[in-house]
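The structure appears right after this line, and notes come after that.
If you read the sequence from its start, that first residue is 1, and numbering goes on from there.
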Amino acid sequence: MIDKAPGAVGVTFAKGVLDDVAELTATTAGNGQAGKDEAEALKRRIAELLVECKSNPFIGELMGPGLHPELVNCRRVRFDIPTHKAKPRFRLIYRNEPTDGAPAECHWLTVAPRAGLQAHRRARQRS
């Protein structure tokens, strides 16, 4: 058993989330040295999100009812690397469990591109 810091919440991953991260960073890294640097920055940003979720499982905005009603209790974090100045290109979608009261676990459903609602579709399949 792994001890966690007082007040920290456990973070778990749905099947396929680690593959999402690997795919995301490999796709980004395909553009020479600049792409490799961006992939490393993206890995660091995802690691930061992991730490943030452990200390505050409410970092993401509640999705609520919308195009994907099955994700109503999920939260999303819009993110990108610090050097990207336009709209964030990526989404972390997760669910706190239990959904009411103080969560014991932050369950990541996907880390994927925003474009074409890819993140939302993957999260819906894994929820």
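Taking 4.5 Å as the limit, every side-chain heavy atom of K87 sits out of range of all side-chain heavy atoms of R78. Considering only heavy atoms from C-beta on, R45 comes within 4.5 Å of L49 through its side chain. Under the 4.5 Å side-chain criterion, counting only non-hydrogen atoms from C-beta, Y94 is in contact with V77. Inter-residue side-chain proximity for L71 and R76 is flagged as unmet; no heavy-atom pair is nearer than 4.5 Å.
Under the 4.0 Å criterion applied to side-chain N and carboxylate O atoms, R89 and E38 are assigned as salt-bridge partners. Between D20 and R126, at least one side-chain N (NZ, or NE/NH1/NH2) sits under 4.0 Å from a carboxylate O, which counts as a salt bridge.
Nearest heavy atom pair, residue A119 against residue A112, reads CA-CB, 3.6 Å. Heavy-atom minimum distance, V72 versus L62: O-CD1, 3.9 Å. Heavy atoms only, all atoms of each residue included: R91 and P88 are closest at NH1-O, 3.4 Å. The two residues L42 and I81 make their nearest non-hydrogen contact at N-CG2, 3.5 Å. Between P57 and V9 the shortest heavy-atom distance is CG-CG2, 3.7 Å. The two residues W108 and F13 have their closest heavy-atom pair at CE3-CE2, 3.6 Å.
Between the side chains of D37 and Q33, a donor-acceptor pair is found at a separation under 3.5 Å.
Remark: the backbone N or O of I93 is not paired with any side-chain donor or acceptor of R122 at under 3.5 angstrom.
When each of K36, K43, R44 is checked for a side-chain hydrogen bond (donor to acceptor under 3.5 Å, both in side chains) with E40, only K43 meets the rule.
L92 and F58 end up in different hydrophobic clusters when Ile, Leu, Val, Met, Phe, Trp and Tyr side chains are linked at under 4.5 Å. Linking Ile, Leu, Val, Met, Phe, Trp and Tyr whenever their side-chain heavy atoms come within less than 4.5 Å puts V111 and L18 in one cluster.
Ring orientation note: the planes of F90 and F79 are tilted relative to one another, at an angle of 30° to 60°.
Going from atom NZ of K85 over to atom OG1 of T83 covers 7.0 Å, rounded to the nearest 0.5 Å. Taken to the nearest 0.5 Å, the OG atom of S127 stands 9.0 Å off from the NE2 atom of H107.
Legend: residues meeting ring pair (Phe, Tyr, Trp, His ring centres under 6.0 Å) with H84, ordered by chain and number and at least two apart, are absent.
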